[in-house]
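Just so you know, these numbers use all the heavy atoms, side chains as well, and skip hydrogens, waters and symmetry mates. What you see is a predicted model, and the numbers here were worked out from it, not measured in a lab.
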Amino acid sequence: MDQHIKDPSIIAPEPVRRTSRGRGILTGCLVLAVLAGIVWWTRQQSPPQQAGGGRNAAPMSIVPETVGKGDIGVSLNALGTVTSLATVTIRSQISGYLMKIDFKEGDEVKKGDLIAEIDSRPYEATLAQAKGTLARDEAQLKGAQVDLTRYQNLATQNAVPHQTLDTQVALVAQYQGTVEADRASVKSAEVNLQYCHIVSPINGRVGLRQVDLGNYVTPGDTNGLVVITQLEPISVLFTLPEDNLQAVAKRLKEGAKLPTAAYDRSGANKLAEGSLQTFDSQIDATTGTIKLRAQFENDKRTLYPNQFVNIRLLLDTHKDATTMPTAGIQRGVPGTFVYLVNADSTVSVRPVKLGVTDGDRVEVLTGLVPGDHIVIDGADKLREGAKVIVRSATDTANPVGTAKGAATGDSKGGAEPDKAGGGHRKRSEDGQTK
């Protein structure tokens, strides 16, 4: 007991160490409290601004456009294949040597133009022989008819037996049949002789030659001589879903002419304009679509057979509709909406109900009226009540010039440096700041 009291070095240091540690913790807590107070005071002095929102936020630069009024078309889009209205493979109807080719590959030919000639000498001889046979048989028929007249006169006088008269009548009828057969042979020979001169049956464009000069051609040749394709007019076959059939059939039944436009593969360049002719008599059960045919004049030769095109069929037109650019459409929690530019250079969210779309314009059923201004560019960070600065579309294409104009105070809605107090103040000639 006395030993512990006399030796305080073992007991005394422990309370000292506990006191130093407590002081360090207390000091850290005070520092954190001071920092938290500074942060709180800073936030109270300058409250955070929502990005692009709030009436105290910096104005956002936007491009507006006025809601208009006009006609907008109800169009159906489809993929189509260009198809010629007439494609003819020229083949020889007779056998013979090809003596002449009267066309160049790629030529435009008219109906009746000479295409090729086949050696006609054998067929000329056949025609001459048929004509000779016809002349002989006609002479025999004439002689038999003279004898028949004589026998008829004698028979009235009972000078010849009736059997002789009947035999002569039969002989005349036989010669008449022979003459008719000879005349048919002459016509057949004349037709074969005409086949020696091959002519175009349609107006069209001549393709590549399949047979060279001097070859022996026959009616059984598979490839023929050449292929002629009609290009003016030309048609396009395309398909539409069966759900659109009733609307198309109704318009055609009313006698409406449905304009049809053909575009290239990208859908940006219009190739030709035509009209819908008809549709197929049955729906394809495997795809649920129906085929339609549109016809194009194709006077500029922008359509060729088997070419793939994009078809836009104008089904109907809504007259005097409220329209706006599709660039102004926004979609979010309110549904489909636009940012409406107010007179006080702020924007407000305006829900809209849209109709049909035609290119870059869309029909507005409810929510807007002609003359309203909506935002079509710069709406990414806008909120209800956000302040805006109007810029033109040319400023969007030249942001450097826009920034320069905004810095010098030339843009609309921007405050002048001197009036806003944020620019450089002018100095007078004596160096005094004004």
Side-chain angles (χ1 to χ4, degrees), residues 84-153 164-233:
S84 176
L85 293 175
T87 301
V88 180
T89 300
I90 302 298
R91 293 186 174 91
S92 175
Q93 298 296 310
I94 58 175
S95 299
Y97 287 98
L98 191 60
M99 303 298 294
K100 182 180 180 181
I101 296 177
D102 200 32
F103 68 89
K104 293 181 180 179
E105 297 176 337
D107 280 354
E108 300 289 337
V109 296
K110 301 294 184 180
K111 183 178 180 180
D113 289 351
L114 182 64
I115 299 297
E117 290 184 5
I118 297 175
D119 187 7
S120 61
R121 291 173 296 178
Y123 300 97
E124 291 174 352
T126 301
L127 176 60
Q129 183 180 0
K131 287 182 177 180
T133 302
L134 175 61
R136 182 196 63 191
D137 293 339
E138 284 179 342
Q140 291 179 347
L141 174 61
K142 186 176 181 181
Q145 288 174 340
V146 171
D147 290 342
L148 177 61
T149 303
R150 185 183 301 112
Y151 290 154
Q152 288 175 343
N153 293 332
T164 303
L165 178 61
D166 294 340
T167 302
Q168 192 63 31
V169 171
L171 183 61
V172 170
Q174 178 183 352
Y175 284 154
Q176 286 177 342
T178 302
V179 169
E180 291 297 330
D182 293 340
R183 289 174 180 172
S185 297
V186 170
K187 290 182 179 180
S188 178
E190 290 175 347
V191 170
N192 288 334
L193 185 60
Q194 291 177 356
Y195 282 155
C196 292
H197 301 271
I198 303 175
V199 297
S200 174
I202 61 172
N203 299 336
R205 185 178 186 272
V206 179
L208 301 180
R209 187 175 67 249
Q210 303 296 322
V211 180
D212 294 329
L213 190 67
N215 281 276
Y216 189 82
V217 296
T218 63
D221 293 341
T222 304
N223 296 328
L225 303 179
V226 72
V227 177
I228 300 178
T229 305
Q230 179 179 333
L231 299 180
E232 296 182 31

Tell me every residue that passes side chain to side chain donor-acceptor pair (under 3.5 Å) with [X], counting only those two or more places apart in sequence or in another chain.
{"X": "Glu232", "answer": "Arg301"}
{"X": "Arg136", "answer": "none"}
{"X": "Asp166", "answer": "none"}
{"X": "Asn215", "answer": "none"}

What distance separates [X] [atom1] from [Y] [atom2], expressed to the nearest 0.5 Å?
{"X": "Gln194", "Y": "Cys196", "atom1": "CD", "atom2": "SG", "answer": "10.0 Å"}
{"X": "Asn203", "Y": "Lys110", "atom1": "CG", "atom2": "NZ", "answer": "5.0 Å"}
{"X": "Leu114", "Y": "Ile101", "atom1": "CG", "atom2": "CD1", "answer": "11.0 Å"}
{"X": "Arg209", "Y": "Ile90", "atom1": "CZ", "atom2": "CD1", "answer": "15.0 Å"}
{"X": "Tyr151", "Y": "Leu165", "atom1": "OH", "atom2": "CG", "answer": "9.5 Å"}
{"X": "Asp119", "Y": "Ser95", "atom1": "CG", "atom2": "OG", "answer": "12.0 Å"}

Donor-acceptor pairs under 3.5 Å, side chain of residues 216-226 to any protein atom, not counting sequence neighbours: which ones?
| from | atom 1 | to | atom 2 | distance (Å) |
| --- | --- | --- | --- | --- |
| Thr218 | OG1 | Asp221 | OD1 | 3.1 |
| Asp221 | OD2 | Thr218 | N | 3.1 |

Inter- and intrachain pairs under side chain to side chain donor-acceptor pair (under 3.5 Å), touching residues 123-133, at least two apart: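 Qualifying pairs: Ser120-Glu124.
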Per the side chain to side chain donor-acceptor pair (under 3.5 Å) rule, what does the pair list look like for residues 97-107, sequence neighbours excluded?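 Qualifying pairs: none.
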Does the side chain of Leu134 come within less than 4.5 Å of Val179's, by heavy atoms?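 They are in side-chain contact.
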What donor-acceptor contacts under 3.5 angstrom involve side-chain atoms of residues 171-178, with partners at least two apart or in another chain?
| from | atom 1 | to | atom 2 | distance (Å) |
| --- | --- | --- | --- | --- |
| Thr178 | OG1 | Gln174 | O | 3.1 |

What residues form a salt bridge (charged side-chain N to carboxylate O under 4.0 Å, His left out) with Glu190, not counting sequence neighbours?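 For Glu190 there are no salt bridge (charged side-chain N to carboxylate O under 4.0 Å, His left out) partners, ignoring immediate neighbours.
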Suppose we screen for salt bridge (charged side-chain N to carboxylate O under 4.0 Å, His left out). Which residues come up paired with Glu117, at least two apart in sequence or across chains?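 Applying salt bridge (charged side-chain N to carboxylate O under 4.0 Å, His left out) to Glu117 gives none.
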Do you know which two heavy atoms are closest between [X] and [Y], and how far apart they sit?
{"X": "Leu127", "Y": "Ala189", "answer": "CA-CB, 3.5 Å"}
{"X": "Ile118", "Y": "Ser92", "answer": "CD1-OG, 3.0 Å"}
{"X": "Ser200", "Y": "Ile228", "answer": "OG-CD1, 3.5 Å"}

Test side-chain contact (heavy atoms from CB on, under 4.5 Å) applied to Thr87 - qualifying residues, sequence neighbours left out: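 Per chain and number, Thr87 pairs via side-chain contact (heavy atoms from CB on, under 4.5 Å) with Ser84, Val227, Thr229.
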Taking ring pair (Phe, Tyr, Trp, His ring centres under 6.0 Å) as the cut-off, I'd like each qualifying pair that reaches into residues 176-200, sequence neighbours left out, listed once.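 Those involving residues 176-200 do not exist here.
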